[in-house]
There are 2 protein chains.
Amino acid sequence: MTKNDVVKKKVGRPISFDRNKVLIAAMRVFWAKGYDGASMKDLTKAMGINGPSLYAEFGDKRELYLAAIECYGSHNGCAPLNAFEGESDIKLAVRAFLVAVIEYSTENGRGALGCFLGSCVATSAGEVEGVRELLYEAIQDTDKRLSERFEFEKSKGCLPADFPSVERAKLMLDLRQGYVFRARSGVSPTELLSDIAFRTKLILGTCA
Amino acid sequence: MTKNDVVKKKVGRPISFDRNKVLIAAMRVFWAKGYDGASMKDLTKAMGINGPSLYAEFGDKRELYLAAIECYGSHNGCAPLNAFEGESDIKLAVRAFLVAVIEYSTENGRGALGCFLGSCVATSAGEVEGVRELLYEAIQDTDKRLSERFEFEKSKGCLPADFPSVERAKLMLDLRQGYVFRARSGVSPTELLSDIAFRTKLILGTCA
DNA sequence: CACATTCTGTATCAATCAATACAAAATATA
DNA sequence: TATATTTTGTATTGATTGATACAGAATGTG
């Protein structure tokens, strides 16, 4: 998919922009302003292209939005998930996940707070046609990646055999939503970090 | 506050609408369409008043939005919280909270999905000035109401003396965010309900 | 080089946006 | 009843919205 579009030589003036780059720029605008809040002027400016080029490539605003969502998913845009999978010890991995969640929920440097899927996309799911399906896929995929890691830890003996991987995976993702929510209300990262020891135990605990 | 405005006789043509009623109607529109997605035309139509009346009473769109948020808070708009406080047994109360969350996240009869604060307001917190403060207050208030109930149960002896009320209260609210998130992706209420037994135990469990 | 093809930039479209001007309507007071 | 005061409905404001028409620029092909 990333290899067979290299030699495609087309007749006519060549495209002057990188599809992925402008798509990521568009995603950032949607992330910061929401679907309705992001105007085509905002988008074309951030993407560095003009209106007609945008419409020729993506169709319309809605389709650009859907493309941005897919781009986020296919380019591993979720930092906490990457942090989780990058840590070898499971307890540190869970902790890293929560820390990453709090970080990207409170770093208001670029104005894009929280999670692109968890706040921006989720809000527009009932409004923009086609979003709900992409959101569903993304959630299922995240649940799967988290629970598969737990299953792997079970096979290593690092987690008890009766550990409920799927339930705990869902719990992790749902806790993320809570952190994003609180961060949006202005709670400091310090305060959010205060209970991650408790919550790490909650996720990995064997009580039921 | 609801009593001393009855006898207030003012000179001039009297107002022809009920402030609370039109405010609730406005809230429903924001709830369903989001802040940017809700046009003044949508709002005036749902509120049953004309533009000039709206602007005379509330100022502008932003102030109307803030008034709607405050109205939601002061009128006990959160159904799950009411369900929680209406149940005498603490285990049933927690369960009722979760069930109510799932219900109002998936009943798409009126198009207003999830939680007004948890999805609509939270998204606009970084965009509309004044929203963040109201959101912060609402979250703190909810945390407090939940944890106070837990403290009450402790004093009755229905919960162990070392029960971490505040942490579990926050956990409950954060789980709510997770349910709203999943519901927006189209997950059925049946599937969401499948793990509430597990989560009720998680909230009330004494393991740490 | 001439032509067909495709993309880019300017300039602009009708529609809708949030917000108002203004006069008629409805009240209290005198 | 006459006047002052406030709200209402109609009609409209300039600005912005998402989306295009069109001509010129940049490529491959013959």
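Below, chains carry the letters A, B, ... as their sequence lines are ordered, and counting in each starts from 1.
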Start with the C-alpha gap between Val166(A) and Phe150(A), add the side-chain angles, then the distance that decides, and say whether side-chain contact (heavy atoms from CB on, under 4.5 Å) holds. CA-CA 8 Å; Val166(A) 175; Phe150(A) 287 138; over 6 Å; no

Could you please spell out the steps behind the side-chain hydrogen bond (donor to acceptor under 3.5 Å, both in side chains) verdict for Thr123(A) and Thr123(B)? CA-CA 7 Å; Thr123(A) 307; Thr123(B) 306; 2.6 Å; yes

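Of all the residues in residues 45-60 of chain A, Pro52(A), Tyr55(A), Asp60(A) reach under 4.0 Å from DNA chain D with at least one non-hydrogen atom. For DNA chain C, none of the residues of residues 63-72 of chain A falls under the heavy-atom distance limit of 4.0 Å.
Rounded to whole angstrom, the span from the CZ atom of Arg62(A) across to the P atom of dA19(D) amounts to 10 Å. Met40(B) has its CE atom 16 Å from the C1' atom of dG9(D), to the nearest Å. Here the P atom of nucleotide dT16(C) and the CG atom of Asp42(B) are 11 Å apart, to the nearest Å. In this structure, Arg19(B) atom CZ and dT7(D) atom P are separated by 13 Å, rounded to whole Å. Atom NZ of Lys41(B) is separated from atom P of dA15(C) by 12 Å (rounded to the nearest Å). A straight line from NZ of Lys61(B) to P of dT16(C) spans 15 Å, rounded to a whole angstrom.
A cation-pi geometry, defined here as NZ or CZ lying under 6.0 Å from the six-membered ring centre and within 45° of its normal, holds between Arg168(B) and Phe163(B).
Note on residues 113-123 of chain B: no pairs pass salt bridge (Lys or Arg N to Asp or Glu O under 4.0 Å), not counting sequence neighbours. Residue pairs meeting the salt bridge (Lys or Arg N to Asp or Glu O under 4.0 Å) criterion with at least one partner in residues 32-43 of chain A, sequence neighbours excluded, are Lys33(A)-Asp42(A).
In this structure Tyr55(B) satisfies the side chain to side chain contact (heavy atoms under 4.5 Å, CB included) test together with Met40(B), Asp60(B), sequence neighbours excluded.
Ion pairing between Asp174(A) and Arg176(B) fails under the 4.0 Å rule for side-chain N and carboxylate O. Look at Glu57(B) and Arg19(B) and you find a salt bridge, because one of the NZ, NE, NH1 or NH2 atoms lies within 4.0 Å of a carboxylate O, short of that distance.
Remark: of the listed residues Val187(A), Leu98(A), Thr106(A), Leu98(A) is the sole one forming a side chain to side chain contact (heavy atoms under 4.5 Å, CB included) with Tyr179(A).
Neither OP1 nor OP2 of dT7(D) sits under 4.0 Å from any side-chain N or O of Ser16(B).
Separation of the Tyr65(A) and Phe30(A) ring centroids falls under the 6.0 Å cut-off.
Remark: side-chain polar atoms of Ser155(A) are paired, donor with acceptor, to backbone N or O of Phe152(A) under 3.5 angstrom.
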Protein-nucleic acid N or O pairs under 3.5 Å, nucleotides 3-6 of chain C:
from: dT6(C); atom 1: O4'; to: Val11(A); atom 2: O; distance (Å): 3.3
from: dT6(C); atom 1: O2; to: Arg13(A); atom 2: N; distance (Å): 3.0

